[in-house]
Participant: 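Sharing a structure, written as C-alpha cells. Questions coming.
What you see is a predicted model, and the numbers here were worked out from it, not measured in a lab. Whatever order the structure lists them in is the order used to number ligands and atoms, beginning at 1.
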Amino acid sequence: MTSDPTSLDTFASQKLHTLEQRKLRRSPRECTALDAVRVMMDSRELINFCSNDYLGLAHHPQVKEAAARAALDNGAGAGASRLVTGGHARLFALEKRLAAFKGTQDCVIFGSGYMANMAITPALAGPDDIVFIDERAHACLFSGAQLSRATLDVLPHNDTDALADRLDRKRRAYRHALVLVDSVYSMDGDLAPLDVYARISARHEAWLLVDDAHGLGVLGNGRGAAETFTPKPDIPLQMGTLSKALGSYGGYLCASHEVCELMRSRARPLIYTTALPPAVIAAAEEALTLVETDPELCARPLQLARLFAAELGLDEPQSPIVPVILGDAETALAASDKLREDGYLVMAIRPPTVAEGTARLRVTFSAAHSEESVKSLAASLKHIIQD
Ligand SMILES: *Cc1c(COP(=O)(O)O)cnc(C)c1O
C-alpha cells in the first residue's frame, strides 16, 4: 500500500489555513546580523532591540576568534554523542568552570536550553510524582513536565502562597514533587521570588528547578538571578543557557554531582543526540571568561533598560527585558512597524504568547547599545504612542 501524499499536503494546508484565520500563522523572516546591534532585514539596516545577546558576545572579536580556532583545530562537528566519541575535553572543562562559577558541585551541558528542560524533569519525575509550574514559565519547562507524565499543577504567576497551599494539600499523595519556575520571565522581565520558592520547596521536600536563561551574565554580577537575593537561596536544580548572554549555543544544569551523574546516565536528550560542536563550546568558554572578569559589562544591559524606562516613565525594570504593553494585537503590530520605519527592530508579542489585551512590544537591551540609541528609541516610541 502506498500512502496518498496529497492527503498529507491537504492536511498541512488546511491546518495552516486555520492558523491563518486565528492569526496564529508565523513566518520566520530573513535577518542578518551585521554586528552586535545592527541587523539587515528586508534590505534595511536596523538597530536590534529584541536580541537576547545581552552582552554582545556573539560578535565579540575574542569569542569569534576562539570559535574559529576551535573549528580549525578540532573540526566543524562533534561527530557523535558524548557517550560515544563526541566528548571533547573542552566540554568537560567548560562544565567544571560553569559549576565553579555557579557554586555547585557539578554541571552537565546539553544541546540547548530547550533540550536541557526536555531532559531534566523527565529524568527526575514520573507518573507517581507531581510537578508545580508557574503559568508563565517558558514553553520548554512545560514540554519537559508533560514528557515526564507526572501530574501537572499550574500555579498563578509568582504566587508563592498558592504553591505553599497546594503543597500542603497535595504533597502527601505523591512520591516526589518538583517546582518549576523561571528566574526572569521572558515576556515581562520580572523576577521570581526565588528566596521564598526555595524556602517553601525545602519545607515540603519539593525539588526546585529554576530556569535562569535571562539571568546568567546580566544579573548578580553575571552569576545569575539567584545572586541578587541575600542570603543566596539554596536552589538544587539551576538550569540555564549558553545561547543568550554567553552568545553561543547550548544549555546547562548546575546541580549536585549525584544529580548530574543521573542526567549522564538517564537523560535521553543528552544520550541520544550529537555533542555540541567544538566551536560552540570554545565560544561559550571565551564568553564565560569575559563574564567572570568584567562585572561592569554584565551590569550594563540593566542600566540601559533603566535609562529607557525612565525616559518613558515606566516602572523600574528588574532585568534587561522591558515590556511596553499596548493592549490589542493591532496596536502592538502597528507600533512595531512604525519603529521599523524609524530604524529600530522591536518585536510585537501577541496572544497566545501573552494574555489577551496585553499585546506588547518586548524591548531588550544589550551592553553593545549606545546610550544615544537607547534615548532615541525612547523618543521615537513616545512619539508613536502619543499619535
Ligand atoms: C530561550 C529560553 C530557553 C531556551 O534556551 P535555548 O538555549 O535557546 O534553547 C529556555 N528557557 C527560557 C526561559 C528561555 O528564555
Side-chain angles (χ1 to χ4, degrees), residues 28 31 33 48 50-55 57-58 91 94-95 98 102 107-122 131 133-147 154-155 157-158 178-192 194 197 208-219 224-226 235 237-254 263 267 269-270 273-277 279-281 283-284 287-288 291 301 305 317-323 347 349 353-354 360 362-366:
C31 182
N48 186 359
C50 46
S51 160
N52 300 314
D53 179 19
Y54 294 115
L55 303 176
L57 296 184
L91 191 49
L94 179 58
E95 287 178 337
L98 273 169
K102 298 291 289 180
C107 167
V108 53
I109 290 177
F110 299 87
S112 69
Y114 200 107
M115 280 218 267
N117 277 333
M118 295 291 276
I120 300 164
T121 303
V131 173
I133 184 167
D134 188 283
E135 62 185 349
R136 292 193 200 163
H138 193 266
C140 58
L141 280 173
F142 275 92
S143 295
Q146 281 155 356
L147 197 58
V154 181
L155 297 164
H157 180 53
N158 272 350
L178 263 83
V179 177
L180 276 42
V181 298
D182 290 10
S183 63
V184 178
Y185 284 86
S186 49
M187 294 302 138
D188 295 86
D190 60 329
L191 265 58
L194 295 178
Y197 278 120
L208 178 61
L209 167 57
V210 175
D211 180 336
D212 198 34
H214 297 280
L216 185 81
V218 289
L219 295 178
I235 300 163
L237 301 161
Q238 304 185 46
M239 173 271 162
T241 177
L242 312 177
S243 333
K244 286 172 180 156
L246 292 187
S248 182
Y249 199 64
Y252 67 82
L253 172 67
C254 284
M263 294 299 150
L270 178 79
T273 195
T274 304
L276 284 176
V280 168
I281 302 164
L288 183 58
V291 166
Q318 297 173 280
S319 77
I321 302 169
V322 181
M347 287 294 165
I349 313 281
T353 306
V354 292
R360 66 195 63 187
R362 174 183 179 271
V363 194
T364 56
F365 295 89
S366 162

Participant: If only side-chain N and O atoms count, and only distance matters, is there a donor-acceptor pair under 3.5 Å linking Thr241 with Tyr249?
Facilitator: no

Participant: Suppose we measure from atom 4 (C) of ligand 1 to each protein heavy atom; which comes out shortest, and what is that distance?
Facilitator: Tyr114 N, 3.6 Å

Participant: Just need the protein heavy atom nearest to atom 5 (O) of ligand 1, so name the residue and atom and give the distance.
Facilitator: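 For atom 5 (O) of ligand 1, the nearest protein heavy atom comes out as Gly113 CA, 3.4 Å.
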
Participant: Looking only at protein heavy atoms, which one is nearest to atom 14 (C) of ligand 1, and how far off is it?
Facilitator: Lys244 NZ, 2.7 Å

Participant: If you look at every heavy atom in Met118 and Leu147, which pair is closest and at what distance?
Facilitator: O-CD2, 3.7 Å

Participant: What I want to check is whether the side chains of Asp134 and His157 have a donor and an acceptor closer together than 3.5 Å.
Facilitator: yes

Participant: Where do Leu141 and Leu180 come nearest, in terms of heavy atoms and distance?
Facilitator: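 Scanning both residues, the minimum pair turns out to be O-CD2, 3.8 Å.
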
Participant: Suppose we measure from atom 8 (O) of ligand 1 to each protein heavy atom; which comes out shortest, and what is that distance?
Facilitator: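 That would be Ser243 OG, 4.0 Å.
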
Participant: Relative to atom 12 (C) of ligand 1, which among Met118, His214, Arg136, His138 owns the nearest non-hydrogen atom?
Facilitator: His138

Participant: If you measure every N or O of Asn117 against every N or O of ligand 1, does any of those distances drop under 3.5 Å?
Facilitator: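 No: no nitrogen or oxygen of Asn117 is under 3.5 Å from one in ligand 1.
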
Participant: What atoms in ligand 1 come closer than 4.0 Å to a heavy atom of Asp211?
Facilitator: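 The atoms of ligand 1 under 4.0 Å from a heavy atom of Asp211 are 10 (C), 11 (N), 12 (C), 13 (C).
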
Participant: Does ligand 1 have an atom under 4.0 Å from some heavy atom of Cys140?
Facilitator: yes

Participant: Below 4.0 angstrom, N of the basic side chain to O of the carboxylate: do Arg362 and Asp188 qualify?
Facilitator: no

Participant: Report yes if the side chains of Met239 and Leu209 come closer than 4.5 Å at any heavy-atom pair, otherwise no.
Facilitator: yes

